[in-house]
Every structure is written in structure tokens, then in C-alpha cells.
Number of protein chains: 2
Amino acid sequence: MSSAANTLALLGHFTTARPEIGLTQLCRIAGRDKATTYRHLQTLEAAGFVEQNPITKQYRLGPALLQLAQIRESTVPRKSGAEPALAALADATGETCHVSVLSGTTLFALAACEAPRHSIRAIIDIRTFPLHATASGLCALAFGPTALRDAACTDLHPFTAQTVRTPAELDALIQTARDTGFARSDGSFEAEIHSMSAPIFDQTGGFAGAVSVASVASRVTPSLEHAICQHLTIASRDITHNWGGAIPQHVDAAWAKTLAPALEPAP
Amino acid sequence: MSSAANTLALLGHFTTARPEIGLTQLCRIAGRDKATTYRHLQTLEAAGFVEQNPITKQYRLGPALLQLAQIRESTVPRKSGAEPALAALADATGETCHVSVLSGTTLFALAACEAPRHSIRAIIDIRTFPLHATASGLCALAFGPTALRDAACTDLHPFTAQTVRTPAELDALIQTARDTGFARSDGSFEAEIHSMSAPIFDQTGGFAGAVSVASVASRVTPSLEHAICQHLTIASRDITHNWGGAIPQHVDAAWAKTLAPALEPAP
DNA sequence: AACAACGGTTCATTATTTGAACCAATCAGG
DNA sequence: CCTGATTGGTTCAAATAATGAACCGTTGTT
């Protein structure tokens with residue numbers, strides 16, 4: 001792994017849950033040498049990517065990130081184009097929702113929205129979504145570039161007992177997502193978390209990201225799942241529109257097929 | 001310069017004015033080898049710090065920055081604590097305003113706000129403020145850690161004919177800023193841009209950043225400058241309060257002394 | 001068809017990164 | 001007041017990873 005990549009990887013250890021990290025602590029988390037980590041932090045600090053809390057000497061993310069994020073957002077205003085739809089989705093479903101974007105072979109969290117309706121709800125505090133273990137990831141595999149499948153298979157990390165173990169199992173999930181227009185994960189990334197996801201497309205006509213609803217598994221019923229899927233299509237259409245894309249016909253057809261039968265429940 | 005630092009430095013070439021850059025173009029801008037730049041971009045892309053426009057193959061800032069910026073802002077909510085005051089300042093003065101934060105020995109742009117009152121106005125599209133040539137920078141030198149002065153003197157880059165050339169000249173400007181409570185630059189960074197700046201303090205009691213007003217030089221009169229200074233104190237007090245700090249007595253006294261005489265204009 | 005400009009790749013040379021061991025400062029407990 | 005444990009920070013020989021001139025293949029222009 002290149003030195004620069006290791007340096008950048010340090011930034012990934014800062015989260016809202018753990019926003020300030022000391023040198024020794026970061027070494028343990030990152031599993032790297034202290035001298036190396038120190039130099040990397042110096043480099044990041046010089047660039048404004050981290051700074052030291054002057055009191056505790058702990059490191060935290062720096063102000064340069066705000067600058068760059070602003071430029072990114074003015075270049076590709078995806079976040080602002082997703083937030084209203086996400087809020088509406090959270091409101092309609094009463095569950096925690098989030099949007100992710102695909103960049104290369106990695107799916108990045110872009111925005112999240114928690115509905116305060118339930119006192120127990122899912123929280124989303126991760127930066128990237130594993131392709132094989134999350135609904136968003138399966139969405140990317142089902143509707144994104146086919147090269148993603150091989151990338152995903154290089155590391156089928158078993159997060160829980162439910163996580164798929166073999167490429168063949170993964171292919172089955174991908175096929176189901178393609179057929180229904182939605183991806184689903186039930187405890188495959190985090191136990192007790194059920195998640196449904198729909199793809200988002202951008203101006204190139206390709207898969208751009210996914211919008212997802214994460215629920216506490218015990219609360220999910222078939223009718224709730226059906227309602228979530230309906231709201232997911234609304235959110236996906238909205239965000240896709242804002243990103244300058246269009247829903248491909250085959251996805252539209254899959255959604256119609258998946259959602260239609262419920263209109264005529266069996267006697 | 002370390003490899004990682006060079007890699008990070010590439011990010012600095014993306015601005016709102018030039019948000020997408022091709023490989024060859026970036027090599028020219030950065031003055032570096034093509035193979036090296038390419039590898040650096042690969043590293044950045046793998047980390048989500050840049051991505052390629054799938055159509056033009058040009059590179060642009062990536063989605064990971066949004067993530068990290070969000071964590072930074074939730075850790076140290078300075079931007080959101082500065083924006084309302086900045087908007088009020090822009091509205092009151094009718095000029096372009098901005099806030100910068102000190103991290104290490106570098107002053108980073110945090111937020112900017114343009115007042116649409118004038119069709120010709122200053123724009124702020126830089127990421128870091130040179131300490132010796134901008135009002136914000138002089139503010140940092142006058143009210144920040146004394147170590148900054150030596151850091152500033154290592155590169156007294158002559159941006160314009162008005163830029164200070166010697167440490168002695170710089171010391172004089174710093175002293176004036178300390179005495180008046182405001183820093184001023186008149187064409188020392190960009191010709192025809194006049195700028196006034198006031199310091200902001202945080203919970204450690206130290207200098208944390210600066211709030212500034214940039215105007216087209218030809219429009220500035222003594223009375224406008226006086227009004228700007230008054231509004232600057234309001235903004236500085238407001239932001240300092242939001243950041244958990246307090247205005248040191250000597251700064252308060254300097255402001256009072258600078259602004260008082262105008263209440264009793266000479267006959 | 002010739003040409004230029006671009007993104008991307010190769011490989012021997014070279015300089016940078018690396019990490020075990022080492023300081024100095026701080027803090028808690030006896 | 002000492003002692004030991006923990007922290008942030010530093011050194012230097014050994015080893016690894018970065019470098020860039022020259023090289024493809026593609027695209028779009030003349």
C-alpha cells in the first residue's frame with residue numbers, strides 16, 4: 001500500500017462517534033507504527049486535513065475539508081439534490097434513510113436522515129458500504145458496472161452469520177435485486193438491521209448511487225416492506241431527476257411488477 | 001516534500017472556478033510528472049477524494065470529502081456558528097465578507113458571503129490566506145501565536161507592488177493592527193482590493209480566526225471604512241461568542257479607541 | 001491519412017519511507 | 001518525593017516504495 005494511501009486512510013478513523021483521537025490511540029486503531037503514524041499526521045496537519053486540539057493534543061479533522069467539500073458540492077451538487085427527498089422518505093416511512101454514491105468501486109455515504117418517530121431506530125455512522133453485505137451495496141452490484149461484482153468478491157467479509165459467503169450466493173442476491181428492482185439485506189451487515197434499497201441514476205444514464213431505508217428487523221412486516229418499497233421508488237425518482245438522470249425502463253418495469261400484485265391481494 | 005504531501009497538494013488545485021481538471025492539465029498546473037500525478041490521482045480516487053467525470057475523463061473532487069467535512073463540522077461546529085453573523089455583516093456593509101480559521105501556521109478560508117448590492121464586488125476563491133499580504137493574515141500575526149511571525153517571514157511572496165517586502169515593514173503593520181484592533185490590507189494581495197479584518201477568539205482564549213470585509217478599493221472612503229469596522233466588531237463578537245470564546249480586554253479597548261473619535265468629528 | 005493531444009503504462013534508477021529503539025513530559029499511586 | 005506507566009515526539013540504518021523518461025493506444029482534428 002502506498003504511503004499516501006496509508007496517510008489518507010488515517011482520516012477514515014475519525015467518526016462522529018469518535019471525533020478526536022490521540023497519537024497512540026490512533027496507532028492502535030490503525031494498527032501501524034507510531035513514528036509512521038506521527039509523520040502521516042504531520043503531513044495531514046500541514047495540509048489542514050487534521051489539526052490538534054491545543055488542550056488535549058488529540059487530533060481531529062481539519063478545516064481544509066470544509067473548503068474542499070464546498071467545492072465538491074458546487075461541482076456536483078448531489079447532496080443538496082438528495083436531501084429533500086431523503087427527508088420526505090424518512091417522514092413517510094418513519095425509519096432511518098440514507099443515500100450513497102458510487103465512486104470507482106466504492107460506495108460512499110452521502111447523506112442520512114433519521115425519523116424521530118421511533119425511540120429505537122437504526123443509525124448510520126459508516127463512511128463506505130460493503131458491496132456484498134448491505135442493501136445499498138447489492139443495489140450497486142445489481143444495477144452498476146458489472147466490474148463491481150469481481151471487486152466485491154475479492155473480500156466477502158463475513159460481518160454476521162447472515163452475510164453471504166460465496167460468489168454464487170452473492171450472484172443469487174444480485175439476480176433477485178435485478179428482478180425486483182430493489183435490494184434487500186436482513187442482518188447481513190449488522191444483526192437485527194433490515195434494509196431495503198433502490199438504485200439512483202445520473203446524467204450519464206448509469207447507476208450513480210442508492211437510496212435506502214434501514215429498520216429494526218423485528219419491526220418489519222410484509223406490508224411495511226411493501227410500503228417502504230413504494231416510498232423508495234418515489235425517493236429514487238426524485239433524486240434521479242435532481243441528478244439529471246432517468247430511471248431505465250427495465251428498472252421501471254421491475255418496480256411495477258414487484259409493487260403491482262399487492263394491489264390485488266389474494267382472497 | 002513527502003509523497004503524501006504532494007498527493008494532498010493536488011487537491012488544492014481544484015476550485016469552484018476550475019472544478020474539473022484533466023490529467024495533462026493538472027500536470028502543467030502542478031508542475032509535476034505525468035506518471036507521478038497519475039498515480040497520485042489513483043490513490044486519491046481509491047480513497048474517494050477525487051473521481052473521474054465518466055464522460056470527459058477529467059478529475060474532480062470526490063464524495064468522501066462530504067463525509068469528512070460533516071464529521072469535522074459536527075466535531076467543531078465553527079462554520080455553522082459563523083454563517084449567520086457573516087450574512088448579517090455582508091448585508092450591513094454591502095460588501096463581500098469572509099471568515100478564516102487558523103490551523104497550525106496556516107489560515108484557511110471557512111466561509112464567504114457575497115452581498116449582491118454592487119454589480120462589481122470582490123470575490124473570494126482562495127483556500128488559504130497568506131499571512132503577510134492579507135488583512136486576515138495580518139490579524140493572525142497581530143493577535144495569534146507569536147511563532148506565526150517567523151513562519152510568515154520565511155516567504156514574503158510579493159503578490160503586488162503594495163505587498164510588504166521586509167520583516168521590518170511587516171512588523172509595522174502588525175503593530176498598527178494591535179493598536180487599532182483591526183488589520184487592513186490595501187492592494188497587497190490583489191490589486192484594487194481593499195480589506196479590513198477583525199480577530200475571532202475561541203474557548204482556549206486564543207486567536208481562532210478572522211472575519212473580514214473585502215471591497216473594491218476605489219469605492220472605499222474613510223466613513224465607509226469606519227462603518228465597516230463597526231460592523232466587524234459586531235460580527236467578531238457574535239462569532240467569538242458562538243465559538244465559546246471571549247474578546248480579550250486589550251482588543252476591546254483598542255476597538256473602543258479606534259471607533260470613538262468618529263463620534264465627535266472635528267469641526 | 002497524417003498529426004497532435006490526451007489518458008494511461010512500463011521499468012531501471014533513486015530517494016523516500018519505515019520502525020525498533022530511544023527521549024522527555026505528564027500523571028497516578030504509594 | 002519517588003516510581004512506574006502512559007503519552008507525544010525523535011533518531012538513524014535498513015529496506016521499501018516513489019520517480020520520470022520513454023513508451024503505448026485512442027480520440028478527435030486538419
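Below, chain A is the first sequence line, B the second, and so on; all start at residue 1.
Nucleotide C:dT9 holds its P atom 4 Å from the OH atom of B:Tyr38, rounded to whole Å. Rounded to an integer number of Å, the gap from CD of B:Gln42 to P of C:dG7 is 12 Å. Atom-to-atom, CG of B:Leu41 to P of D:dA18 comes out at 15 Å; the value is rounded to the nearest Å. As rounded to whole Å, 12 Å separates atom C1' of D:dT10 from atom CG of A:Asp33. Here C:dG7 presents its P atom at 10 Å from CG of B:Leu26, a figure rounded to the nearest Å. We find that NZ of A:Lys57 is positioned 13 Å from C1' of C:dA24, with the value rounded to whole Å. B:Ile21 has its CD1 atom 14 Å from the P atom of C:dC6, to the nearest Å. Distance CG (B:Leu10) to P (D:dT19): 10 Å, rounded to an integer number of Å.
Between D:dG20 and B:Thr36, a contact under 4.0 Å exists linking OP1 or OP2 to a side-chain N or O. Residue A:His40 has a polar side-chain atom (N or O) positioned under 4.0 Å from OP1 or OP2 of C:dT18. Considering only side-chain N and O atoms, A:Gln52 lies under 4.0 angstrom from the phosphate OP1 or OP2 of D:dG9. Between B:Ser2 and C:dT16 there is no side-chain polar atom (N or O) within less than 4.0 angstrom of OP1 or OP2.
Take the nearest nucleotide of DNA chain C for B:Ala35 and for B:Ala5: the residue whose nucleotide is more 5' is B:Ala35. Projected onto DNA chain D by closest heavy-atom contact, A:Gln25 and B:Arg32 fall at different nucleotides, the more 5' of which corresponds to A:Gln25. Positionally, the nearest nucleotide of DNA chain C for B:Gln58 lies more toward the 5' end than for the other of B:Gln58 and A:Lys34. Taking for each of A:Ser3 and A:Thr56 the nucleotide of DNA chain D with the nearest heavy atom, the 5'-most of the two is the partner of A:Thr56.
In this pair, B:Phe201 and B:Phe207 present their aromatic rings perpendicular. The plane angle is above 60°, beyond the 30 to 60° band.
Closest to the side chain of A:Asn6, out of D:dG8, C:dG7, C:dT18, is C:dT18. Side chain of B:Tyr59, nearest nucleotide from C:dG19, C:dG7, C:dG8: C:dG8. For B:Arg39, whose side chain is taken as the heavy atoms from C-beta onward, the closest listed nucleotide among D:dT19, D:dA18, D:dG8 is D:dT19.
Under the 4.0 Å criterion applied to side-chain N and carboxylate O atoms, B:Arg237 and B:Asp252 are assigned as salt-bridge partners. Between B:Arg39 and B:Glu45 there is no salt bridge, since none of the side-chain N atoms of the basic residue sits less than 4.0 Å from a carboxylate O of the acidic one.
When atom types are taken as modelled, the side chain of A:Thr160 and the backbone of A:Glu190 share no donor-acceptor pair closer than 3.5 angstrom. The backbone N or O of A:Ala133 sits less than 3.5 Å from a side-chain atom of A:Ser188, completing a donor-acceptor pair.
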